[in-house]
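Inspection log for the structure reproduced underneath, given as structure tokens.
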Amino acid sequence: MSSPDPQVRAARNKSTSPPPRGPVVAVTGAASGVGALLTERLAASEEVKQVVAIDERRGECAEAEWHILDVRDPAIADRLRGADVVVHLALDLDLETDAAARTAYNVRGTQTVLTAAAAAGVHRVVLCTSTMVYGALPDNELPLSEDAELRATAEATGVGDLLEIERLARRAPRAHPGLNVTVVRPAVLVGGTDTALTRYFESPRLLVVAGSRPAWQFCHVDDLCSALEYAVLEKVDGELAVGCDGWLEQEEVEELSGIRRMELPSAVALGAAARLHRIGLTPSPAGDLAYTMYPWVVSGSRLHDAGWRPAYTNEEVLAQLLDEVSGRHTVAGRRLGRKDATAAGAAGATVALLGAAAVVRRARKVRRRI
């Protein structure tokens, strides 16, 4: 019996062989938040060969290979050997964390991961910051180009850490030839997140600074994960902004949310916010207010050019955010207990900063008596 034609044999082998598998991907911060969602997504992808999950505790993804350690531990280099790509998501952006401790963790962790990745022969590291690094400024274009200058300052929560991570990302390829670094910058992130910007929508009134021009652009965590997957699979690289298409004006946000505004002069709003933060009554510094005053919307053209599209609109993400924060009550960035929240609801618009000013006065009287 004659053997099949070589072309026939090749076709048969091709039809019975498993599909080609892609990179080995390591994810830091894999046990919770965006890291957990991305780990599950990559583990289910036929384009990813294996997922190495790194965190200080074990997460729920059974398909991943878990390593339990602090990302600041130089031993992480051994855990990264064999990985093609590292996605570094082990960041602490908690509003309640001590600022110095947060910076030490975020900056040292990123430095260690970049150095360890280079030593382990990893060829690509994906970092995640925020479109906040562009800065919220009255003369910002709408939308900003992804190549726009990073004009943020370290005055808002965590932004100083993100700017330092951006600097590390730019220096890494020079310090470690052969290492490619992709930076993904999401807009206001929604989906199980707690930030100064999501807390803005927990207030009894939406604070609007007189003469300001806010513009709101959101990013659903699922869209962030899909954008990170694009970067992992090298469908796109460089510095990438990710978020919903377009933006919402403040008036649209108020109409969709059903929350009325409270408009205050800039000096009053910024002065009260600074004083409240200085005496430790609120976690948010006055610099956070800029992001509710001026536009910082980005086009996201690089991802779009690569074929990526967001699955959510700004309207849909805002609706989810409002659902998530329902029942929470925040004044000037500070979460209120049930008793305080009742008073806040009764006080209406005046509670947001006029009530906060009274708190400042009481705190000063207490200090004088002491």
Side-chain angles (χ1 to χ4, degrees), residues 33-34 91-97 99 102 128-137 140 142-144 152-163 184-209 212-221 223-224 241-244 246-250 252-254 256-257 259 261-262 269-270 273 276-277 282-298 300 312-326 328-335 352-353:
V34 177
L91 296 177
D92 180 4
L93 298 175
D94 193 318
L95 288 171
E96 311 299 336
T97 302
R102 181 175 60 222
C128 188
T129 61
S130 167
T131 52
M132 293 178 79
V133 296
Y134 290 102
L137 299 160
N140 275 349
L142 268 172
L144 289 163
T153 65
E155 295 173 355
T157 304
V159 173
D161 297 359
L162 300 180
L163 289 170
V184 179
R185 301 167 179 156
V188 179
L189 195 60
V190 174
T193 57
D194 176 27
T195 67
L197 293 167
T198 60
R199 287 192 183 188
Y200 177 80
F201 294 92
E202 299 177 16
S203 298
R205 296 289 185 268
L206 297 179
L207 173 63
V208 176
V209 176
S212 65
R213 184 172 62 104
W216 292 90
Q217 181 183 38
F218 299 98
C219 178
H220 194 281
V221 290
D223 282 338
L224 173 57
V242 54
C244 302
W247 63 89
L248 298 174
E249 303 286 354
Q250 182 71 23
E252 294 176 288
V253 166
E254 292 168 18
L256 291 166
S257 67
I259 307 174
R261 70 166 58 194
M262 179 182 65
L270 293 170
L276 288 169
H277 183 66
T282 64
S284 300
D288 286 345
L289 270 182
Y291 291 89
T292 70
M293 294 170 62
Y294 305 120
W296 45 293
V297 172
V298 179
Y312 295 84
T313 65
N314 281 303
E315 291 85 352
E316 290 169 337
V317 180
L318 175 58
Q320 177 169 329
L321 171 57
L322 294 170
D323 184 61
E324 288 185 3
V325 304
S326 177
R328 299 177 190 166
H329 301 277
T330 294
V331 167
R334 174 177 170 264
R335 284 263 171 84
L353 282 173

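Nearest heavy-atom pair, A136 versus A290, reported as atom, atom and distance to 0.1 Å: CB-O, 3.3 Å. Residues C219 and A187 come closest through the heavy atom pair CB-N, 3.8 Å. Minimum heavy-atom separation, P186 to T129: CD-O, 3.4 Å. Between P295 and A215, the shortest heavy-atom contact is CB-CB, 3.9 Å. Of all the heavy atoms in Y312 and C244, the pair that sits closest is O-SG, 3.5 Å. Of all the heavy atoms in I259 and S203, the pair that sits closest is CG2-O, 4.1 Å.
The side-chain heavy atoms of V208 and E254, taken from C-beta on, include a pair separated by under 4.5 Å. Side-chain contact between T153 and V159 is absent, with no heavy-atom pair separated by less than 4.5 Å. Put simply, the side chain of R213 reaches to within 4.5 Å of the side chain of L142, judged on heavy atoms. Under the 4.5 Å side-chain criterion, counting only non-hydrogen atoms from C-beta, M132 is not in contact with T157. Looking only at side-chain heavy atoms (C-beta outward), S130 and L93 stay at 4.5 Å or farther from each other. V221 is listed as a side-chain neighbour of L189, based on a closest heavy-atom distance under 4.5 Å. Residues T198 and L321 have side chains in contact (heavy-atom distance under 4.5 Å, counting atoms from C-beta outward). Residues R102 and D94 form no side-chain contact, since every pair of their non-hydrogen atoms from C-beta on lies 4.5 Å or further apart.
Taking CD of E202 as the reference point, atom CG of L322 lies at 10.5 Å (rounded to 0.5 Å). With rounding to the nearest 0.5 angstrom, the CG atom of L95 is 7.5 Å from the CG atom of D288.
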Stepwise, does the side-chain contact (heavy atoms from CB on, under 4.5 Å) test hold for L206 with S257? CA-CA 10 Å; L206 297 179; S257 67; 4.0 Å; yes

Please step through side-chain contact (heavy atoms from CB on, under 4.5 Å) for the pair R185 and L162, ending with a clear verdict. CA-CA 10 Å; R185 301 167 179 156; L162 300 180; over 6 Å; no

Begin from the C-alpha positions of L207 and L289 and carry the test side-chain contact (heavy atoms from CB on, under 4.5 Å) through to its verdict. CA-CA 9 Å; L207 173 63; L289 270 182; 3.7 Å; yes

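Judged purely by distance below 3.5 Å, without hydrogens or angles, the side chains of E316 and Q320 never pair a donor atom with an acceptor atom.
Remark: of the listed residues F201, W296, Y294, F201 is the sole one forming a ring pair (Phe, Tyr, Trp, His ring centres under 6.0 Å) with W216.
In this structure, N314 contributes its side chain and F218 its backbone to a donor-acceptor pair below 3.5 Å. Using modelled atom types, no side-chain atom of S212 and backbone atom of P214 make a donor-acceptor pair closer than 3.5 Å.
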